[in-house]
There are 2 protein chains.
Amino acid sequence: MGVTLKDVAERAGVSRSAVSRTFTEGASVSARTRAKVEKAARDLGYSPNALASSLTTGRTKLIGLVSNNFHNPIFLEVFDLFTRGLQERGLRPLLVNLSNETDPANSVRMLRQYSVDGVIVASSTLPPSFAEAFRDAGVPVVHSFGRYTTSPHVHVVGIDNIACGRMAAQALVARGHRRVAFLGGPQSATSTQDRERGFLEAMALHPEITVSVTHASAYSFDAGRAEMQRLLQGRPAEAYFCGDDVLSIGALSAIQEAGLRVPEDIGIIGLNDMAMARWQNIDLTTIRQPLAEIIEASIDLVVATIERPERHPETRLFPCRVIERGTLRQI
Amino acid sequence: MGVTLKDVAERAGVSRSAVSRTFTEGASVSARTRAKVEKAARDLGYSPNALASSLTTGRTKLIGLVSNNFHNPIFLEVFDLFTRGLQERGLRPLLVNLSNETDPANSVRMLRQYSVDGVIVASSTLPPSFAEAFRDAGVPVVHSFGRYTTSPHVHVVGIDNIACGRMAAQALVARGHRRVAFLGGPQSATSTQDRERGFLEAMALHPEITVSVTHASAYSFDAGRAEMQRLLQGRPAEAYFCGDDVLSIGALSAIQEAGLRVPEDIGIIGLNDMAMARWQNIDLTTIRQPLAEIIEASIDLVVATIERPERHPETRLFPCRVIERGTLRQI
DNA sequence: ACCTGTATTGCAACCGGTTGCAAAAAACCG
DNA sequence: CGGTTTTTTGCAACCGGTTGCAATACAGGT
């Protein structure tokens, strides 16, 4: 089945080293030898075994792409951008699905067995310790959509969730709402913790406004809908900042089912700006997270860390902005 | 950084073979040696290099997962199921994003360089020739969501799109509609070609019913919405079978925006039953594609082919069924 | 204790490449 | 043209494992 270096060398009448060299960037080969080798390789349909060469070069060009968010529609966009971005740089994503797993040990072991050059942890719900386990194992790692800390142990790329919370608060304040609320994702998610904190911080400047906070059990449609249904049993707020878009859409659904109007009776602002938020029959006002930039930066950072592993941990946060659509009344 | 076999052997005071054997299933090692080796390995934090061993065993446990559907929400579910299913069997998905690429040559070369044990092409829009390119290169391959042919050159797992077309037709007929239509995806997609064929075939038995056919430019919300807007300029049909769910939701949006009621003025039936179809504010009547079974079977089949490469190409089709929701009037 | 059959072990070659080094070839130069 | 410098080449060792084979250890039977 497999055509090897040796086969090509024999056919071209040169040494194995010569063949190896024609296929390695910047090695010393004469034009004549190269031509002979290339012809032989073409005839035989040879292409070098990346895994075998990784053994000596120490580089596999494999990047572990680890996530536990296989249910949030935004992650389809995330995977699309990551896979394309990695491919453009000649890197290959080895996908790891971490649903209902929180112990990093298995993933670390597995990805080390495959000698990945680096790892990208793409998750807004995993704790920082997860990515740190990779760093501790000596694997270059970037936590995308992770939490910013002042003394990071690991590269983080994402958004300033606290600032987003503030931004949402300001959007509601600017519209003159007097009773507002945060409908968060699971309390264990760092993203929800930070968004809540920013929201409350900004609201603290407006003591005349009533603020309340509740949490859905997951970043999911069903959880958002269930939580909003619960809220509608009592006296709901005038406007809600929801933990993310999919939660927002669940809440939206509950509100419409209850026969209330959006944004007249209840306003909603989400966070992410996933594809469905743009759908005209959803038309969700939301805070856009600049996915493409975050992912671009994550890849840059993991590549840079592979090249200089001693590199100091760094945090890169990207600014978000409100996308005005139909679920929050206009100013 | 890396602890190797040799390090463990030295520490345990045994040969390298002994270490290798304790880590290979079914090899001959005495309990005493095994204990010594395991202790040494634990002390050193050793875990075997999967790539190095693949060199001699010829197995990498890497499976290429190739797709060009990174925009259809159903594929998030698909990736979730594939990655989990593969992981459960100790296989690792190497993800390849084929957006706007139609030439298999690059993917074939790349996946061969990484010596993947097998490939799963997960796409309802790629031509059969794509998967065949892998088979021609001697790589075990399964085409998931592919087209059934009577003399397959490659394993295919999916649904009978022609039967689905008929099923949709019957659903519309049963509801007494007299003017129906198929709003397909891109004409180049084999799935659309087959659904259309089945739909028309079944409708041919009802000459009293008027049938028309149009195509959206992609399986996407925007394309579905645009096409329905165009249709609404003229005299629309009473009910539409849409090429897939995301197209249906686009069409739904256009209908609602035009101030028409669903299902009273226009009925819609989709295909896939993706997560959003269940969302109560969408509530799409659709034909469910049994994703989990399809993916399970795809993995089984690729594994079986890896074990017996000479295995005859096989087609496995799974039955679909109508999921009644709110976009088609009840019988 | 001795013989035989089975289990365990280490040696050495191999998987498909890469690379330091020294020899050979080519290019340069007066 | 001979001497020197620079390029190109092949040899052989190595990357981190696996495996056939022969040697050794052990167990069972009498």
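Numbered from 1 within each chain, the chains take letters A, B, ... in sequence-line order.
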Exercise. Do B:E38 and B:K36 meet the salt-bridge criterion of a basic N to acidic O distance under 4.0 Å?
Worked result: no
Exercise. Can you tell me how far P of D:dT8 sits from NZ of A:K36, to the nearest Å?
Worked result: 14 Å
Exercise. How does each nucleotide of nucleotides 9-20 of chain C score, in 5' to 3' order, for protein heavy atoms under 4.0 Å: base (B), sugar-phosphate only (S), or none (-)?
Worked result: BBBB--BBBBBB
For this session: Scan residues 21-32 of chain A for pairs that pass side chain to side chain donor-acceptor pair (under 3.5 Å), counting only residues two or more places apart or in two chains.
Result: A:S30-A:T33
Exercise. How far does the helix from C:dA1-D:dT30 to C:dG30-D:dC1 bend, going by the axes of its first and last five pairs, to the nearest 10°?
Worked result: 30°
Problem set entry | Test side-chain hydrogen bond (donor to acceptor under 3.5 Å, both in side chains) applied to B:S123 - qualifying residues, sequence neighbours left out | B:N68, B:N69, B:T125
For this session: Report yes or no: does A:S144 contribute a side-chain atom to a donor-acceptor pair with the main-chain N or O of A:S298 at less than 3.5 Å?
Result: no
Exercise. For A:N106, what residues pass the side-chain hydrogen bond (donor to acceptor under 3.5 Å, both in side chains) criterion, not counting sequence neighbours?
Worked result: A:E101, A:R109
Exercise. Are the charged groups of B:D194 and B:R147 less than 4.0 angstrom apart, N to O?
Worked result: yes
Problem set entry | A:T60 side chain vs A:S54 backbone, donor-acceptor pair below 3.5 Å | no
Exercise. What pairs of residues pass the salt bridge (charged side-chain N to carboxylate O under 4.0 Å, His left out) test when at least one of them lies in residues 66-94 of chain B, not counting sequence neighbours?
Worked result: B:D80-B:R84, B:R89-B:E296, B:R89-B:D300
